[in-house]
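Only one structure is covered here, and it is reproduced in the block below.
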Amino acid sequence: NAGVMQNPRHLVRRRGQEARLRCSPMKGHSHVYWYRQLPEEGLKFMVYLQKENIIDESGMPKERFSAEFPKEGPSILRIQQVVRGDSAAYFCASSPRSISATNEKLFFGSGTQLSVL
Amino acid sequence: DQQVKQNSPSLSVQEGRISILNCDYTNSMFDYFLWYKKYPAEGPTFLISISSIKDKNEDGRFTVFLNKSAKHLSLHIVPSQPGDSAVYFCAAGGGTSYGKLTFGQGTILTVHP
């Protein structure tokens, strides 16, 4: 049973370019979460999606960031016009059910390290 | 607004001794708590959890204690092993944080042989 798959593992972008981070949840999981870890900081929640729906995007910056989880295919976190401050490790997690209703745990991928030059 | 805090950035212990990692939270609506372990260049992996209806949960060498009145939880590892060296995150869920976990900043544990 494959775990949460994220790619690429490392992504280098120049300022102003776009970054696309992909996440395939564990088989049977329909809930996806994106977290960001800035250097020397903990994991910060960004967005929670269920198939084709954004459930909670309270942690997403208001501009340049967007996320989707289409009916078919992986979840995508998209960062437009990247700046140096976007450099961080981006982690995707998944769960089979809503964690609030079931005290479910999250299963994390290995992350994408984004470096903005 | 740091609702989950791990005030010790690092902890160093000798192999075989007990490691105690601490976590405080401010949101009284949180109703379950988890500990994750993270190695460099890997994602966090689940370690142990506890519901607010309990004050202790044990799994092998790992025990989590919850003190709801103090809004404090701790993770005990005994005996500690060099392979336990990692970053440990506590996380909280439930209440107004519907649908997501809120993480602390992490504590770097180093277990010396």
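Residue numbering restarts at 1 for every chain, and letters A, B, ... go by the order of the sequence lines. Heavy-atom basis, side chains included; hydrogens, waters and symmetry copies ignored.
Heavy-atom neighbours of chain A within the stretch residues 46-55 of chain B, taken at a separation under 4.5 angstrom, comprise B/Phe46, B/Ser51.
A ring-centre distance under 6.0 Å is not found for A/Phe45 and B/Phe103.
For residues 31-96 of chain A, the set of pairs meeting the disulfide bond (SG atoms under 2.5 Å apart) definition, not counting sequence neighbours, comprises A/Cys23-A/Cys92.
Heavy-atom contacts from other residues, nucleotides or ligands closer than 6.0 Å to CE of A/Met60 number more than 12. More than 12 heavy atoms of other shown residues, nucleotides or ligands fall within 6.0 angstrom of atom CZ in B/Arg61. The environment of B/Arg17 atom CZ is sparse: at most 12 non-hydrogen atoms of other residues, nucleotides or ligands sit within 6.0 angstrom. Counting non-hydrogen atoms of neighbouring residues, nucleotides and ligands closer than 6.0 angstrom, the CD atom of A/Gln80 exceeds 12 such neighbours.
When all heavy atoms of A/Phe108 and B/Pro44 are compared, the pair lying nearest together is CB-O, 3.4 Å. Of all heavy-atom pairs spanning B/Glu42 and A/Phe91, the tightest one is O-CE2, 3.7 Å.
Using a 4.5 Å cut-off between heavy atoms, A/Gln37 touches chain B through its side chain atoms alone. Only the side chain of A/Ser58 comes within less than 4.5 Å of a heavy atom of chain B; its backbone N, CA, C and O stay farther away. Contact annotation for B/Ala41: both backbone and side-chain heavy atoms come within less than 4.5 Å of a heavy atom of chain A.
Under the 3.5 Å distance criterion, the side-chain polar atoms of A/Tyr33 are left unmatched by any main-chain donor or acceptor of B/Leu101.
Per-residue heavy-atom pair counts under 4.5 Å with chain B were compared for A/Ala89, A/Gly109, A/Gly111, A/Ser110, and the maximum is reached by A/Ser110.
A heavy-atom distance below 4.5 Å is not found between the side chains of B/Thr45 and A/Phe107.
The structure places CG of A/Leu43 at 11.0 Å from CD of B/Gln105, a figure rounded to the nearest 0.5 Å.
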